[in-house]
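Structure, as structure tokens:
For the numbers below, each heavy atom of this structure counts, side chains included, while hydrogens, waters and symmetry mates do not. Quick caveat, the model's predicted, so the values are computed rather than measured.
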Amino acid sequence: MRLGVNALRLTGQRLGIGRYIEYMLKHWNHMLTPSDRVTVYVREPVDIRTLHLSEAFETKVLRPGLKGVLWENLLLPRQEKEMDVLFCPSYTVPLAYRGRCVVATHSVNEVKKGTHPWWYHLTYRQRYRLSAQKADAVVVPLECTKEHVQELYGIAADKIDVVPEGADDSFRPLEDEAVLRETRRRYFGEDRPYIVFVGKLSQRRNIPALLTAFSRLKKTANIPHGLLLFGPNVLGLPLDRMTADLGIQDSVVQTDGKLDNHQDIIPIYCAADLFVHPSSYEGFSITIVEAMACGVPVVTVNQGAARDIAGGAAVMVEEPTVDNLTEAMRLSLTNRPLAMSLRAKALERAKLFRYEETARKTLDVLRRVAQN
């Protein structure tokens, strides 16, 4: 099989989909047959030597380095004769591409009102819908996502494959206290306990509500914790002013979340007393799975993928309101038996979501489409 991969999202900061591609390549490395070849198409040179891939993998830079949409739709279609199937891991396929292709649709967040700005429905939603319709198969992470792809994009059920995503095997509890202490000091200047959020500070993640809930918790429960927001501030939230108004400016740290190697985030999870993911809706959340795999208690919202991933293994709130988040964090931090139970349940639940199986099942879908 000659497999092409649209690896545009390997360029720059590797957030959810960038990591998805990285893990997929890493695990495919020992799943390929001797005749398989994988071409990884990128917009600019990318160093993937840390993945230790075999000679079956080739990285190909497509020039000129146009912007994302133009690069995908003008340059990728010209590579059609080089592959039997094209894998598009980030919602969209080149609309002029005439060969066989598979698209991964990780989420249909627009089913929940308020998760995106008004213009999203006129832009991204239309591209995602057209891409799902054009693809020979659509890969989704959960049954709830499959239902939404059917309803909102008009895709037949037999064209959709449910392939759960997960965490890499390297995500596990870290017991080295020296490393954990150093992690806490790196971000807070002292060995201070903290709560962590990981991901883009996007609209649906409800960061203002989280900050207000954290402020209220500091005042009512007198907790010593800091709050680490580990991810880019894509909305340009005025965090300095917001935290000053709430009286928590000395307790909140925000970083863009850039790491040389994604495994470097493991100590950041493990050093935290609590992981909070107050998103209104997710089609899947790798960060919830990663946190659970590290044995960190989780607070999240009983909606969409968060419910399917963490149900029974986390403190769930029905809506990410200030009152709900405050109480959920208070319970998780002040009730030690509950915290210990959450850790044990999180570790057990995370076993259901591992990338080895994600990569294997995705490769099966690609082989099926390539052979049709």
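- When atom types are taken as modelled, the side chain of D84 and the backbone of R2 share a donor-acceptor pair closer than 3.5 angstrom.
- For the pair K134 (side chain) and Y97 (backbone), a donor-acceptor distance under 3.5 Å is present.
- The backbone N or O of V93 sits less than 3.5 Å from a side-chain atom of S131, completing a donor-acceptor pair.
- The two residues P320 and P278 have their closest heavy-atom pair at CB-O, 3.4 Å.
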Legend entry - Chi angles and distances behind the salt bridge (charged side-chain N to carboxylate O under 4.0 Å, His left out) call for R98, E80: CA-CA 7 Å; R98 294 180 297 176; E80 177 189 340; 3.6 Å; yes
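- Between the side chains of N6 and E72, a donor-acceptor pair is found at a separation under 3.5 Å.
- S215 approaches L246 most closely through the heavy-atom pair OG-O, 2.9 Å.
- Counting heavy atoms from C-beta outward, L210 and L227 have side chains that approach closer than 4.5 Å.
- The cluster map of Ile, Leu, Val, Met, Phe, Trp and Tyr, joined by side-chain heavy atoms under 4.5 Å apart, puts V234 and L239 in the same cluster.
- Side-chain N/O atoms of S280 and N206 include a donor and acceptor closer than 3.5 Å.
- Side-chain atoms of R172 come within 3.5 Å of backbone atoms of D169 as a donor-acceptor pair (strictly under, hydrogens ignored).
- Heavy atoms only, all atoms of each residue included: G231 and L201 are closest at O-CD1, 3.4 Å.
- The two residues L274 and S332 make their nearest non-hydrogen contact at CD1-CB, 3.6 Å.
- Centroid-to-centroid, the aromatic rings of H225 and F214 stay 6.0 Å apart or farther.
- Between D168 and H27, the side chains place a donor N or O and an acceptor N or O closer than 3.5 Å (distance only, hydrogens not considered).
- T321 and N324 form a side-chain donor-acceptor contact under 3.5 Å, judged by distance and modelled atom types alone.
- Formation of a donor-acceptor pair under 3.5 Å by the K159 side chain with backbone atoms of A132 is found in this model.
- Between V301 and M316, the closest side-chain pair of non-hydrogen atoms is not below 4.5 Å.
- A single hydrophobic cluster is seen to contain both I286 and V162, as judged by linkage of ILVMFWY side chains at heavy-atom distances under 4.5 Å, directly or through other members.
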Inset, instruction - Could you walk me through whether R100 and D136 pass salt bridge (charged side-chain N to carboxylate O under 4.0 Å, His left out), step by step? - result: CA-CA 6 Å; R100 298 183 182 94; D136 295 278; 5.9 Å; no
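- Between the N73 side chain and the P94 main chain, no donor and acceptor come within less than 3.5 Å of each other.
- In D264, the CG atom is crowded: over 12 heavy atoms of neighbouring residues, nucleotides or ligands sit closer than 6.0 Å.
- Between atom CG of residue L86 and atom SG of residue C101 there is a gap of 6.0 Å, rounded to the nearest 0.5 Å.
- In this structure, I17 CD1 and R9 CZ are separated by 4.0 Å, a value rounded to the nearest 0.5 Å.
- A donor-acceptor contact shorter than 3.5 Å is absent between the side chain of E357 and the backbone of F353.
- Considering CD1 of I265 and OG of S170, their distance stands at 11.0 Å, rounded to 0.5 Å.
- Linking Ile, Leu, Val, Met, Phe, Trp and Tyr residues whenever their side-chain heavy atoms come within less than 4.5 Å places I268 and F188 in a single cluster.
- In this structure, the side chain of R336 does not engage the main chain of L333 through any donor-acceptor pair within 3.5 Å.
- Residues F284 and V289 meet the side-chain proximity criterion, which asks for heavy atoms closer than 4.5 Å.
- For the pair M292 and L347, the minimum side-chain heavy-atom distance is 4.5 Å or more.
- Checked by atom type and distance alone, the side chain of Q249 never pairs as donor or acceptor with a backbone atom of D240 at under 3.5 Å.
- L8 and V103 fall into different hydrophobic clusters, where Ile, Leu, Val, Met, Phe, Trp and Tyr residues are linked whenever their side-chain heavy atoms come under 4.5 Å apart, directly or through other members.
- Looking at every heavy atom in both residues, P337 comes nearest to N335 through CD-OD1, 3.1 Å.
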Inset, instruction - Evaluate ring-ring contact (aromatic ring centres under 6.0 Å, His included) for F230 paired with F197, printing each intermediate quantity in order. - result: CA-CA 6 Å; F230 196 80; F197 163 85; 9.9 Å; no
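- Residues R43 and T11 bring no donor and acceptor atom of their side chains to less than 3.5 Å of each other.
- In K200, the NZ atom is not crowded: 12 or fewer heavy atoms of neighbouring residues, nucleotides or ligands sit closer than 6.0 Å.
- Judged by distance alone, the side chains of E82 and Y41 do bring a donor and an acceptor atom under 3.5 Å apart.
- Of the candidates V138, D364, V365, V140, V365 is the only one forming a side chain to side chain contact (heavy atoms under 4.5 Å, CB included) with D161.
- If you take OH on Y187 and CD on Q254, they are separated by 11.5 Å, rounding to the nearest 0.5 Å.
- Inter-residue side-chain proximity for T300 and V276 is flagged as unmet; no heavy-atom pair is nearer than 4.5 Å.
- For CG of N222, the number of neighbouring non-hydrogen atoms (other residues, nucleotides, ligands) closer than 6.0 Å is 12 at most.
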Inset, instruction - Would you check, one step at a time, whether the test salt bridge (charged side-chain N to carboxylate O under 4.0 Å, His left out) holds for R360 with E356? - result: CA-CA 6 Å; R360 188 181 308 281; E356 179 82 11; 3.1 Å; yes
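- Residues H52 and N29 have side chains that never bring a donor and an acceptor to within less than 3.5 angstrom of each other.
- A donor and an acceptor atom, one from each side chain of T220 and R330, are nowhere located under 3.5 Å apart.
- Using a 4.5 Å cut-off on side-chain heavy atoms (C-beta onward), D245 and M242 make no contact.
- Environment of CE in M31: crowded, with over 12 heavy atoms of neighbouring residues, nucleotides or ligands closer than 6.0 Å.
- With salt bridges taken as basic N to acidic carboxylate O contacts below 4.0 Å, one links E282 and R205.
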Legend entry - D36/L3 under side chain to side chain contact (heavy atoms under 4.5 Å, CB included): CA gap, chis, key distance, verdict: CA-CA 8 Å; D36 288 332; L3 168 61; over 6 Å; no
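- Taking every heavy atom of both residues into account, V298 and A291 meet most closely at CG2-CB, 4.2 Å.
- Among Q303, H148, R204, the one residue that satisfies the side chain to side chain donor-acceptor pair (under 3.5 Å) test with Y281 is H148.
- The closest side-chain donor-acceptor pair between E290 and Y269 falls under 3.5 angstrom.
- In summary, K218 and D250 do not engage in a salt bridge, as defined by a charged side-chain N under 4.0 Å from a carboxylate O.
- Cluster annotation: I266 and L228 are assigned to the same hydrophobic cluster (Ile/Leu/Val/Met/Phe/Trp/Tyr, side-chain heavy-atom contacts under 4.5 Å, transitive).
- Looking at V322 and R216, their side chains come closer than 4.5 Å, going by heavy atoms from C-beta outward.
- Side-chain contact between W28 and V5 is present, with heavy atoms from C-beta onward closer than 4.5 Å.
- Remark: T92 OG1 to R127 CZ distance equals 4.5 Å, nearest 0.5 Å.
- In this structure, Y91 and Y128 have parallel ring planes: the angle between them is below the 30° cut-off, well short of the 60° mark.
- Checked by atom type, the side-chain pair E22/H262 shows no donor-acceptor distance below 3.5 Å.
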